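Notes to accompany the following structure.
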Amino acid sequence: MLNKKLVSLLLCASMSSAVLLGGCSQQVTVEGSTAPIESSAADEKTSGEGADTSAKEKTGLPLPEDGGFTTVDYKLTDRSDKYRTYYEIFPYSFCDSNGDGIGDFKGITSKLDYLNDGDTKTTDDLGIEGIWLMPIMPSPSYHKYDVKDYKAVDEAYGTIEDFEELVEEAHKRGINVIIDFVINHSSTQNEWFKKAIEELKAGKTDGYVQYYNFQKGKDGVKGWYSAGVDDWCYECEFWDQMPDLNLKNEDLRKELIDAAKFWIDKGVDGFRLDAVLWFEKTYSDGQDDDASVEELKWFYDSVKKEKEDVYMVGECWDTSAMITKFYESGIDSLFDFDEQGSGGRVADALHRKSAKKYVESVTNWEDRIKAVNANAINTPFISNHDTGRSAGFFTDDYERKMAAAMYILSPGNSFIYYGEEIAMESTSEDPDKRKGMYWTNADDKSFVKSIPGMTNDKIPEKSVEDMQKDENSLLNFYKRIIALKNQNPEIKSGKVTSLILDDVKEVAGFIMDKDGSKVAVMFNAADYAMKVTVPEDSFKISEVRGYAIAGAEKAEETSADENDPFAVAAPSAAEDDPFATTTNSSEGEKEAIEADEFTVDGQEVTFPARSVIILK
């Protein structure tokens, strides 16, 4: 009997879904029927988002052709709108325009049409509306987080004119540009630091010395290094070549605001602030959170005086409680670190097959940060330049697609790390997380083959060129998901409430209300199909806007082997999972229904495994 159930479960592990529905904005408790749905065996091996894009209409509401990807029009986001989908770029690795082995501004400019060609009716581009450039200022390191000059570009990346051209061309395509602005520390090669050392040698401590944190008697203390002058030491929490800046100093503050204005005058739309947690944190003396928040508030408020609609996102890599604390500064965004990684919200939801837990967590987080800062914009992401790449912990394209659907279609500004859309992988070493973007299998000079410190030169399995040709590829799924968000601005900036169904863990969603226009985003986090009935008095379904199906691999129709660890492990529920079940349904074992596409018949919605749909 056990083997029969395992086989049934594995056969049902074929797809998953996220559904966007339009209707009321209150939390919905559904008492209607639910049932697991067995996927059709028409496709012997796989069922995916591209397996049936014709959206065959059966009964009920019509489904848009191609999931709405090519049929639903939208307008480019206004430049002053802070809500948009971002793409993080490491300039060193992204695209090399001159074959010198280092990426550059001209290389990025040449790939802007890949990110967004500015035409909302085309489907060749990703639909990205903002790019975050990792540090571009002169620096002795490959990563450039130790800045020598705050009002110049590193010559390895090109000229300031090349940068201005990049910004101008990005704006033509509806892409905003934010740059890394590192104000927690500088380089020891920065002129400020050099002058500070000279002043110490001359016995002077009231000039550039005050730009940094110099003290005597700190030799041997963690986070402090000898300045080479008497027994003076300087604070340096990350690396001895990155001396911490003293953000309390008014002269330094003027220099930093002047530098920010320099970049705003070059057309920059905002800044990503590195290490805001460490503004007033030391290994030896602990941290002063209130002082750090005050300094963040000072910088944000001061830059807003130069550009009212400046967008700013900070890195506060700490607990959710600490991130909430830093929202007191008034900053637009702080990266949502609870979302990312192998133990983050998205991975946990897919592991537990629980959209309910994911939706509740995200909605609670939205409420929490907006209670502190009403204008807060959440920034979900699943990996970045400091973390392991997501293709390493989402181990197949079905999971990767559903993970993309969940975090990109969550409220706020999603941040995609370059190469994520082609399943680039990494080791735990930082340089390996920042390898060259793989554009084509051809011997193309644009591919950056190596960066300093890289330990793994393995080339990605598929290039951008490969995936562009495959309509079922991960890259083309990303295009669809981003298009759904662009087509429905309610998802980015609408007021969020949860849509939770009674006794169902697999299916849940958000309702977004933007100026009275409402959509709901619902997810089926399981790798089997589901059917739910939504009471009309709670949520009136009227129109299908779009959808996409992530899919899941189908099991072979053979009896399970008791000695096969995968036959047992695949359907088993986590012992500590409060939503865990041993059947395809949260309510117990029910009759399976075949379905490999969406149907919306009245208030009854059939979800394929792992997918996304839009109704309004």
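Counting begins at 1 with the first residue of the sequence. Worth saying up front: this structure is predicted, and the values here are computed from it rather than measured.
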Tell me yes or no: between the side chains of [X] and [Y], is some donor less than 3.5 Å from an acceptor?
X: Asn378; Y: Trp365; value: yes
X: Tyr211; Y: Glu255; value: yes
X: Asp104; Y: Ser97; value: yes
X: Ser139; Y: Asp146; value: yes
X: Gln468; Y: Tyr114; value: no
X: Tyr311; Y: Asn413; value: yes
X: Glu429; Y: Thr455; value: no
X: Tyr327; Y: Ser333; value: no

Any carboxylate oxygen within less than 4.0 angstrom of a Lys/Arg side-chain nitrogen, looking at Lys304 and Glu308?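 Judged by the 4.0 Å cut-off on N to carboxylate O distance, Lys304 and Glu308 do form a salt bridge.
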Checking salt bridge (Lys or Arg N to Asp or Glu O under 4.0 Å) against Arg173, which of Asp125, Asp117, Asp113 comes through?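 Testing Arg173 for a salt bridge (Lys or Arg N to Asp or Glu O under 4.0 Å) against Asp125, Asp117, Asp113 leaves exactly one candidate, Asp113.
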For the residue pair [X] and [Y], categorise the inter-ring angle as parallel (less than 30°), tilted (30 to 60°) or perpendicular (more than 60°).
X: Phe90; Y: Tyr142; result: perpendicular
X: Phe335; Y: Phe337; result: perpendicular
X: Tyr234; Y: Phe193; result: perpendicular

Would you say the side-chain atoms of Tyr83 pair up with the backbone N or O of Pro489, donor to acceptor, closer than 3.5 Å?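 No, because the side chain of Tyr83 does not come within donor-acceptor range (under 3.5 Å) of the backbone of Pro489.
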Decide if atom NZ of Lys458 counts as having more than 12 heavy atoms of other residues, nucleotides or ligands within a radius under 6.0 Å.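 No, NZ of Lys458 has 12 or fewer neighbouring heavy atoms, counting only those of other groups under 6.0 Å.
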Are more than 12 heavy atoms from other residues, nucleotides or ligands located less than 6.0 Å from atom NZ of Lys297?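 Check fails, neighbour count at 12 or below.
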Pairing residues for Asp162 by the side-chain contact (heavy atoms from CB on, under 4.5 Å) criterion, not counting sequence neighbours: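 With neighbours one apart ignored, the set is Phe105, Lys106, Thr159.
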Would you mind listing every side chain to side chain donor-acceptor pair (under 3.5 Å) that reaches into residues 256-268, with sequence neighbours excluded?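 As it turns out, the side chain to side chain donor-acceptor pair (under 3.5 Å) pairs with a partner in residues 256-268, which skip direct neighbours, are Lys151-Asp258, Glu164-Lys266, Lys261-Asp265.
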Under 6.0 Å from the six-membered ring centre of Tyr157 and within 45° of its axis: does the NZ or CZ of Lys144 meet both?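 Lys144 over Tyr157 ring: yes.
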Decide whether a cation-pi geometry holds between Arg389 and Tyr418; the criteria are a distance under 6.0 Å from NZ or CZ to the six-membered ring centre and an angle within 45° of the ring axis.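 Cation-pi check for Arg389 and Tyr418: passes.
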